[in-house]
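Counting starts at 1 for both ligands and their atoms, following the listed order. Since the model is a prediction, treat every value here as computed from it, not as a measurement. By convention here, the first residue in the shown sequence is residue 1.
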Amino acid sequence: MAMRLDKYLTETGAGTRSEVKKLIRAGQVTINGEIAGKPEQKVSEKTDVVCLRGKHLTYRQYEYYLYHKPAGCVTATEDNLHRTVMEDLPDPVRKDLFPVGRLDLDTEGLLLITNDGAMAHALLSPARHVPKTYLARVAGRVTDADVNLFQNGVDIGEERLTRPAKLEILSAGETSEILLTITEGKFHQVKRMFHAAGKEVTYLKRVRMGPLALPDTLAPGEYRALTEDELGELRKVTGLTGAADR
Ligand code: URA
C-alpha cells in the first residue's frame with residue numbers, strides 16, 4: 001500500500017510532521033537512492049527503500065514495548081512535575097505511542113506501551129476481563145478471611161462489589177506478601193481492596209497482564225519490544241489480527 005512520505009517518516013519515529021517536512025525539503029531523505037522532493041510523494045512501505053541521512057528506515061505500523069515502570073514515574077505521555085513512562089523509550093519516541101492503562105505513581109511493574117489503539121481498547125475493555133496480577137506487601141497479617149473476602153467481592157465504594165479476585169498469600173506476618181489477580185481495573189483498585197479489608201498496601205508491583213509476564217531480566221526503567229510469541233498471545237486474547245490485516 002502506498003502512503004505519503006511525511007506520514008511514513010513520522011511513523012518510523014523520524015520526527016513530527018513539521019520536522020519531517022523540513023528534513024525532506026533539506027534533501028536529507030532518499031527513496032530508492034533518489035533524493036525525495038515532496039512530503040506528499042507516495043512511498044510503498046513494502047517495496048521502497050527510504051533512508052534518512054543515509055540510514056535505512058524500517059517501517060512498522062504498530063510498535064509494542066514491554067516496560068518495567070519504576071516507582072516515581074507517572075503513567076502519562078507528558079507531565080510537568082514527574083518523569084513519564086515515555087522517557088526511557090528509544091529516541092526519538094514515536095509521537096503516537098501511549099501506555100495501555102495506568103499504574104499509580106508509586107506502583108512498579110509491567111506496562112505495555114504501544115500505538116495500537118484497537119489492541120489497547122480490547123485489553124482495557126471491562127467486558128473482556130483480562131487478568132492482571134500484582135505482587136504486594138501489605139502492612140498487617142493477610143489471612144484466609146481476606147482470601148474469601150476477595151473471592152466473594154469487596155465493597156470499594158463503587159456501584160458493585162469487585163469481581164472475584166484470587167488472593168495468594170506468599171508470607172503472612174507483621175508485613176505480608178501476596179499475589180492478587182484481578183480482572184478489572186478500577187482506580188487504585190488493589191489499594192482500595194486492601195483498605196476495605198482494613199489493611200494498607202505498602203508496596204505494589206504488577207507482574208502480569210493477560211498473557212504478558214514481567215521478565216526477571218527487565219530492571220525498573222528498562223523496556224524491550226514484545227516478541228512475536230508475546231504478540232501472538234495478545235492477538236489471541238483480544239481476537240485481533242496482525243496489522244497488515246486491519
Ligand atoms: N491497583 C492500585 O491500587 N494501584 C495500581 O497502580 C494498580 C492497581
Can you tell me if Phe187 contacts ligand 1 (heavy atom of the residue under 4.0 Å from the ligand)?
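Contact check Phe187 vs ligand 1: negative.
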Determine whether the aromatic ring centres of residues Tyr223 and Tyr64 are separated by less than 6.0 angstrom.
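Centroid distance Tyr64-Tyr223: not below 6.0 Å, so no.
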With the threshold set at 4.0 Å, does a side-chain nitrogen-carboxylate oxygen contact exist between Glu11 and Arg4?
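Here Glu11 does not pair with Arg4 in a salt bridge, since their nearest N and O are not under 4.0 Å apart.
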Could Lys166 and Glu168 be called an ion pair, given the rule that one side-chain N must be under 4.0 Å from one carboxylate O?
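Answer for the salt bridge query: yes.
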Are any of the N/O atoms in [X] less than 3.5 Å from those in ligand 1?
X	value
Leu204	no
Thr107	yes
Arg192	no

Common cluster, Tyr59/Val43, ILVMFWY with side-chain heavy-atom separation under 4.5 Å
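Shared cluster, yes.
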Taking only heavy atoms of Tyr134 into account, list the atoms of ligand 1 that are under 4.0 Å away from them.
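Counting from 1, the qualifying ligand atoms are 7 (C), 8 (C).
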With atoms numbered from 1 as shown, which atoms in ligand 1 lie under 4.0 angstrom from a non-hydrogen atom of Gln189?
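Listed by number with element: 1 (N), 2 (C), 3 (O).
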Nearest protein heavy-atom contact for atom 1 (N) of ligand 1: which residue, which atom, what distance?
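Answer, as residue, atom name and distance: Val190 N, 3.1 Å.
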Which protein heavy atom lies closest to atom 4 (N) of ligand 1, and at what distance to 0.1 Å?
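Sorting protein heavy atoms by distance from atom 4 (N) of ligand 1 puts Asp104 OD2, 2.7 Å first.
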Counting heavy atoms not belonging to Arg102, are there more than 12 under 6.0 Å from its CZ?
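Incorrect, the count does not exceed 12.
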Of Lys191, Met193, His188, His195, which meets side chain to side chain contact (heavy atoms under 4.5 Å, CB included) against Ile156?
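Output: one option passes, namely Met193.
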